Amino acid sequence: MTIAPLLSDTALIFGRYARQTLRSKFQILFGVLMPLLYLLFFGPLLTGMPLGSRGSSWQVLVPGLLLQLALFGASFAGFAVIIESNWGVVERMRVTPVSRLALLLGRVLRDSALFVFQAVLLVLAALVMGLRAPLAGILIGFAFVALLTLSLASLSYALAMKVRTPQGFGPAINAMAMPSMLLSGLMLPMTLAPGWLNVLSHFMPFRYLVDAVRSAYLGSYATTTMLYGGLVAAGFAVFAVTVGTRVFRTAGA
Amino acid sequence: MAIISTAGLARTFRSKAGPVEAVRGIDLTVRAGEILGFLGPNGAGKTTTLRMLTTLLPPTGGAATVAGHDLLRDPAGVRRACGYVAQSGGVDPNISVREELVTQGRLYRLTKPQAALRARELTNDLGLHGLLDRKTSTLSGGQRRRLDIAMGLMHRPEVLFLDEPTTGLDPGSRADLWDLVRRIRADHGTTVFLTTHYLDEADALADRLVIVDKGVIVADGTPADLKSRYAGGPDAPLQDAFLAITGRSAAPQDSAPVAV
Ligand SMILES: Nc1ncnc2c1ncn2[C@@H]1O[C@H](COP(=O)(O)OP(=O)(O)OP(=O)(O)O)[C@@H](O)[C@H]1O
Ligand SMILES: [Mg+2]
């Protein structure tokens, strides 16, 4: 298929779901609630603690909270597909000539837009709390949020198309999201961990993303940490979108 | 000229209780412009067949072409040519009638103005005028069913698959839908492939009936044909022929799935 229908199909699907999001203020704001609570009630505990890092504790915590927002928000995106599946909307769209890739991209781009918007709100709140970080670093942080939500939402939709019941989907996502959060050092850097935990956490891909955003918040851009973070995020995105499109193309029974 | 032809089309589902042979080998040709009634008891495999012919479900056996496109090699071609109204519909309750129709048209690559015009045309044809700006959740059951049908007609498909289109419609709306189906065929030569449990509807609307039971075709002919062959004469009730062919009632009732 050529590129023009893919772009217009993606824009069409994005528009449909963006309008759906805009109709629900609750959906727009709910995702920031959990990270905001961490910022308000957990952040102040860290200000005087030795975190083994240059800069302030906010430069360590806020990158973690941004990715936590992406992790928990985007992983649960698939719930929408389960609901729409029950309404028959998913089949009705799959029977049209619309690009299968667009069915996925339109949705995940809406998710990325939504979570980057929430990330902006979170960073604004953090600035009030005392965060100081270079603008370029903050923008890089948003780029990582966008890429991570794109990937996780793709996989979440793919899983939802396979599992098809909220009872199967919810626990499966929880079982993946919790260890991902703990092992990637979202709350406190893994450099504080005992050796075995630090080693284990290197097998958790999100760790490289968190470390990269923390590095960006300190203004160090040309580092191997940034390189690894960027590579892992991009590789994960390619993998996730490929899996997602395959599932949207073949999902049947 | 055959617009649909299938050879040994089959689908077996894998379930926890073992494989379910929903469709066990359907050989069928449908002429362009024909209105085909696809009948059979609950669980006979009608919906499964429709889902295969519209590319939603990959067959586990056999082959088919629809509107000149091979089901397996050119699913995109099949999708462009077909409209499908599913047995249980497919609209989002929180979206307006207008938005659903226009988006549907644009999924079939109509321009925005084309889609808006077509949405107005169809809502008039289907007695939905005045409801364009209502959320679909506020429609009555019959209005929702008519919206489902409008969704399937947005792009003027060459082949229209209707899965129990008139279930839940009042008698007047049913007669209106029959007229609409006849008009679409007369004006555009559209082929209509529909399932129904209403035998009066099949009798009145279909040029030809194909009766399936337990995943295979058990009878095929014009309504008059089937009545002569199975119920003693062309004026016998179609119900008698149907019962003789399938050995059970056509009224909705539970039937055991074909598990092996
Ligand atoms: N996804 C599935 N998994 C397992 N079995 C299925 C699945 N879909 C359908 N079946 C089974 O296949 C058989 C045929 O189902 P189908 O929906 O095609 O029947 P139908 O002729 O449309 O019936 P009805 O008149 O009740 O709509 C049934 O026994 C059904 O239980
Ligand atoms: Mg059915």
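Since we're looking at a predicted model, the values are computed, not measured. The chains referred to below are lettered A, B, ... by the order of the sequence lines, with proteins before strands, and numbering in each begins at 1.
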Q: Sort out for me which of B:Asp92, B:Thr55, B:Thr103, B:Asn94 touches chain A most, counting heavy-atom pairs under 4.5 Å.
A: B:Asp92
(Q) Could you check whether any side-chain N or O of A:Arg19 sits under 3.5 Å from a backbone N or O of B:Glu99, counting only pairs where one atom can act as donor and the other as acceptor? (A) no
(Q) Please identify, among B:Pro93, B:Gly89, B:Cys82, the residue contributing the most non-hydrogen atom pairs under 4.5 Å to chain A. (A) B:Pro93
Q: Answer yes or no: are there more than 12 heavy-atom neighbours, outside A:Phe42 itself, under 6.0 Å from its atom CZ?
A: yes
(Q) Could you check whether atom CZ of A:Arg23 has more than 12 heavy atoms from other residues, nucleotides or ligands sitting under 6.0 Å from it? (A) yes
Q | Heavy-atom proximity to chain B below 4.5 Å, by part of A:Ile13 | A | side chain
Q) Considering all heavy atoms of both residues, which atom of B:Arg79 and which atom of A:Thr96 are nearest to each other, and what is their separation? A) CD-O, 3.2 Å
Q: State, yes or no, whether a side-chain contact exists between B:Arg51 and A:Val95 at a heavy-atom distance under 4.5 Å.
A: no
Q) Of the non-hydrogen atoms in A:Pro97 and B:Leu107, which two are nearest, and what is the gap between them? A) CD-O, 3.8 Å
Q: Considering non-hydrogen atoms only, spot the tightest contact between A:Arg94 and B:Leu56 and give its length.
A: NH2-O, 3.6 Å
(Q) Check this for me: A:Tyr17, atom OH, are more than 12 non-hydrogen atoms of other residues, nucleotides or ligands nearer than 6.0 Å? (A) yes
Q. B:Arg106 versus A:Arg16: any side-chain heavy-atom pair under 4.5 Å?
A. no
(Q) With heavy-atom distances below 4.5 Å as the criterion, would you say the side chains of B:Asp148 and A:Arg92 are in contact? (A) no
